[in-house]
Amino acid sequence: MNKGFLNTVALFCLLLLASGCSNFQKLLKSNDVTKKYQAALEYYEKEEYYRASQLLDQVTPLLAGTGESEKALFYQAQSHYQQGNYILSDAYFRNFYTTYPRSPLAEEAMYMQAQSLYQQSPSYQEDQTPTITAITAFEEFVTRFPNSENVPEANSRIEQLYLKLDRKEFNQARLYYQLRYWRSAVVAFNNFQREHASSPYSEEAAFLKLESQYRYAMESVASKQEERFDEAVDYFQSFVDQYPDSRFKRNAEQVYDQARDELEKIRKNTNNQANL
């Protein structure tokens, strides 16, 4: 293909782009609310969400009380969500369904507000306040719109978020184990099992509780060891009853055998002293 022709096409495209930018800048500076609003809708339909949001941010407050206010606010929220501006979309969607609770778009707005919060949920290592807020929003949505087609996905999101909370709390308990604070680890794993019985981390928590108890007994004063090894044996019995096919079963059996050996030594020593 002729190089000159390609250069001409490229120049033409640049001129179109420059013209589009120039027209957009003129719209931003214009005082014509109707023209701005119509242009915003056109940008939105073309999925040019940045330009749509820039115009809607300007005109939506000016449309309050008019017939276009409802649609403008909804599109403003959607435009920001599509750009990943989740803090803004959260605020705008919440504003929408509180301002227009009877709107046909209220259901979608409430769902999208929950989605905006979901997108702000951080990794499990960080503070989980946004995660809890997102769970609450999805649960409120499901309660208010139980027949919505978005309920299955909302429930899936809730499950994902609860799993993140589980992982956060499990890792906090495991930190005691990693730091060799055995008694604190036992208490933390026990609390985790009680509060998160159905968690996928519950099985590992049960095994680590057993191991922590054994190590706690090993490092205890002699007068307390028998009692604490007995408790480790009890933890093993509970573990195999609850998880008979656990991936940790072999390791658990090793800990159990070691605890039994220690108990045998203690009791043999106690008997020998009694016979003296």
Side-chain angles (χ1 to χ4, degrees), residues 8-122 130 133-154 156-157:
T8 301
V9 170
L11 180 60
F12 179 71
C13 291
L14 287 172
L15 289 172
L16 283 178
L17 180 62
S19 175
C21 290
S22 176
N23 290 336
F24 177 68
Q25 291 301 321
K26 289 178 181 177
L27 279 170
L28 286 177
K29 297 174 182 177
S30 170
N31 292 321
D32 190 331
V33 174
T34 301
K35 187 175 182 180
K36 279 186 173 183
Y37 176 59
Q38 291 302 320
L41 297 183
E42 291 173 9
Y43 284 129
Y44 183 90
E45 292 302 324
K46 291 188 291 186
E47 299 183 359
E48 294 185 33
Y49 298 115
Y50 173 76
R51 290 185 174 184
S53 67
Q54 291 287 296
L55 293 171
L56 288 167
D57 286 348
Q58 289 186 354
V59 302
T60 299
L62 302 176
L63 292 171
T66 71
E68 298 297 336
S69 178
E70 181 178 332
K71 186 176 181 180
L73 181 55
F74 185 82
Y75 276 28
Q76 181 187 29
Q78 282 283 25
S79 295
H80 282 289
Y81 181 88
Q82 294 298 332
Q83 293 175 80
N85 299 332
Y86 301 122
I87 294 175
L88 288 175
S89 63
D90 164 26
Y92 291 140
F93 279 125
R94 188 188 307 111
N95 185 24
F96 182 91
Y97 71 73
T98 54
T99 304
Y100 303 104
R102 299 180 183 277
S103 168
L105 296 171
E107 176 186 326
E108 186 176 356
M110 192 173 189
Y111 177 69
M112 291 304 299
Q113 190 249 337
Q115 287 281 34
S116 299
L117 291 168
Y118 171 83
Q119 297 293 346
Q120 295 176 64
S121 174
T133 304
I135 289 172
T136 301
F138 278 119
E139 289 177 338
E140 288 177 351
F141 169 78
V142 171
T143 299
R144 184 171 174 185
F145 299 104
N147 299 317
S148 170
E149 63 179 16
N150 289 317
V151 164
E153 186 174 358
S156 177
R157 296 296 201 202

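What you see below is based on every heavy atom in this structure, not just the backbone, and it leaves out hydrogens, waters and symmetry mates.
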Colleague: Which pair of non-hydrogen atoms, one from Leu56 and one from Pro61, has the smallest distance, and what is that distance?
Modeller: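 Where Leu56 meets Pro61 most closely, the heavy atoms are O-CD, 4.2 Å.
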Colleague: State whether the side chain of Gln83 and the backbone N or O of Tyr49 hold a donor-acceptor pair below 3.5 Å, judged by distance alone.
Modeller: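 Judged by distance alone, yes, a pair lies under 3.5 Å.
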Colleague: Determine all donor-acceptor pairs shorter than 3.5 Å in which one atom belongs to a side chain in residues 137-145; sequence neighbours excluded.
Modeller:
from: Glu139; atom 1: OE2; to: Tyr162; atom 2: OH; distance (Å): 3.1
from: Thr143; atom 1: OG1; to: Glu139; atom 2: O; distance (Å): 2.9
from: Arg144; atom 1: NH2; to: Pro101; atom 2: O; distance (Å): 3.1

Colleague: Is the backbone of Thr66 close enough, under 3.5 Å, to the side chain of Ser69 for a donor and an acceptor to pair up by distance?
Modeller: no
Colleague: Hydrogens and angles aside, do Ser79 and Ser53 bring a side-chain donor and acceptor to less than 3.5 Å of each other?
Modeller: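 The criterion, which ignores hydrogens and geometry beyond distance, is not satisfied for Ser53 and Ser79.
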Colleague: Decide yes or no for Gln58 and Val33: does some side-chain heavy atom of the first lie under 4.5 Å from some side-chain heavy atom of the second?
Modeller: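 They are not in contact (no side-chain heavy atoms under 4.5 Å apart), so the answer is no.
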Colleague: Could you check whether any side-chain N or O of Ser156 sits under 3.5 Å from a backbone N or O of Pro152, counting only pairs where one atom can act as donor and the other as acceptor?
Modeller: no
Colleague: Looking at Ala40 and Ala52, what are the two nearest heavy atoms and their distance?
Modeller: O-CB, 3.6 Å
Colleague: Give me the atom names and distance for the closest heavy-atom approach of Ser103 to Phe96.
Modeller: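 For Ser103 and Phe96, the tightest heavy-atom pair comes out as OG-CZ, 3.5 Å.
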Colleague: Side chain to side chain contact (heavy atoms under 4.5 Å, CB included) for Phe74 and Glu108? Distances and angles first, verdict last.
Modeller: CA-CA 10 Å; Phe74 185 82; Glu108 186 176 356; 3.6 Å; yes
Colleague: Can you list the steps and then say if Glu153 with Tyr111 is a side chain to side chain contact (heavy atoms under 4.5 Å, CB included)?
Modeller: CA-CA 10 Å; Glu153 186 174 358; Tyr111 177 69; 3.0 Å; yes
Colleague: Would you give the length of the straight line joining atom OG1 of Thr98 to atom CE of Met110, rounded to the nearest 0.5 angstrom?
Modeller: 10.5 Å
Colleague: Report the distance from atom CG of Leu73 to atom OG1 of Thr60, rounding to the nearest 0.5 Å.
Modeller: 6.5 Å
Colleague: Under the rule for ring pair (Phe, Tyr, Trp, His ring centres under 6.0 Å), what residues qualify as partners of Tyr118, not counting sequence neighbours?
Modeller: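 Ring pair (Phe, Tyr, Trp, His ring centres under 6.0 Å) list for Tyr118, sorted by chain: empty.
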Colleague: Would you please name every residue forming a side-chain contact (heavy atoms from CB on, under 4.5 Å) with Ile87, sequence neighbours left out?
Modeller: Gln120
Colleague: Would you name the heavy atoms of Leu28 and Lys36 that are closest together and state the gap between them?
Modeller: O-NZ, 3.0 Å
Colleague: Can you tell me how the ring of Phe24 sits relative to the ring of Tyr50, calling it parallel under 30°, perpendicular over 60° and tilted otherwise?
Modeller: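 Tilted, since the angle between the ring planes falls between 30° and 60°.
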Colleague: Using atom types as modelled and distance alone, determine if a side-chain donor or acceptor of Asn85 lies under 3.5 Å from a backbone N or O of Leu88.
Modeller: no
Colleague: Is there a salt bridge (charged side-chain N to carboxylate O under 4.0 Å, His left out) between Glu42 and Lys46? Walk through the geometry before answering.
Modeller: CA-CA 6 Å; Glu42 291 173 9; Lys46 291 188 291 186; 5.6 Å; no
Colleague: Checking Tyr81 against Gln115: is there a side-chain donor and acceptor pair closer than 3.5 Å?
Modeller: no
Colleague: Would you call Leu105 and Tyr100 a side-chain contact if the rule is heavy atoms closer than 4.5 Å?
Modeller: no
Colleague: Supply the atom-to-atom distance Ser89 OG to Asn95 CG, rounded to the nearest 0.5 angstrom.
Modeller: 12.5 Å
Colleague: Would Val59 and Gln76 count as a side chain to side chain contact (heavy atoms under 4.5 Å, CB included) here? Give the steps.
Modeller: CA-CA 10 Å; Val59 302; Gln76 181 187 29; over 6 Å; no
Colleague: How many angstroms lie between CG in Leu41 and NZ in Lys71, if you round to the nearest 0.5 Å?
Modeller: 5.0 Å
Colleague: Is Ser30 reaching over with its side chain to a backbone N or O of Leu27, donor-acceptor style, under 3.5 angstrom?
Modeller: no
Colleague: What's the separation between atom CG in Leu55 and atom CD in Gln38, rounded to the nearest 0.5 Å?
Modeller: 11.5 Å
Colleague: Does Gln78 reach the side chain of Tyr44, with side-chain heavy atoms less than 4.5 Å apart?
Modeller: yes
Colleague: For Pro130 versus Ser121, what's the shortest heavy-atom pair and its separation?
Modeller: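 Scanning both residues completely, I find the closest heavy atoms to be CB-CA, 4.4 Å.
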Colleague: If I take atom CD from residue Gln113 and atom CZ from residue Phe93, how far apart are they, to the nearest 0.5 angstrom?
Modeller: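 Separation between the atoms: 9.0 Å.
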Colleague: Using side chain to side chain contact (heavy atoms under 4.5 Å, CB included), reason through Leu63 and Tyr37 one step at a time and then give a plain yes or no.
Modeller: CA-CA 9 Å; Leu63 292 171; Tyr37 176 59; 3.8 Å; yes
Colleague: Which pair of heavy atoms, one from Ala77 and one from Tyr92, lies closest together, and at what distance?
Modeller: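 Minimum heavy-atom contact is CB-CB, 3.5 Å.
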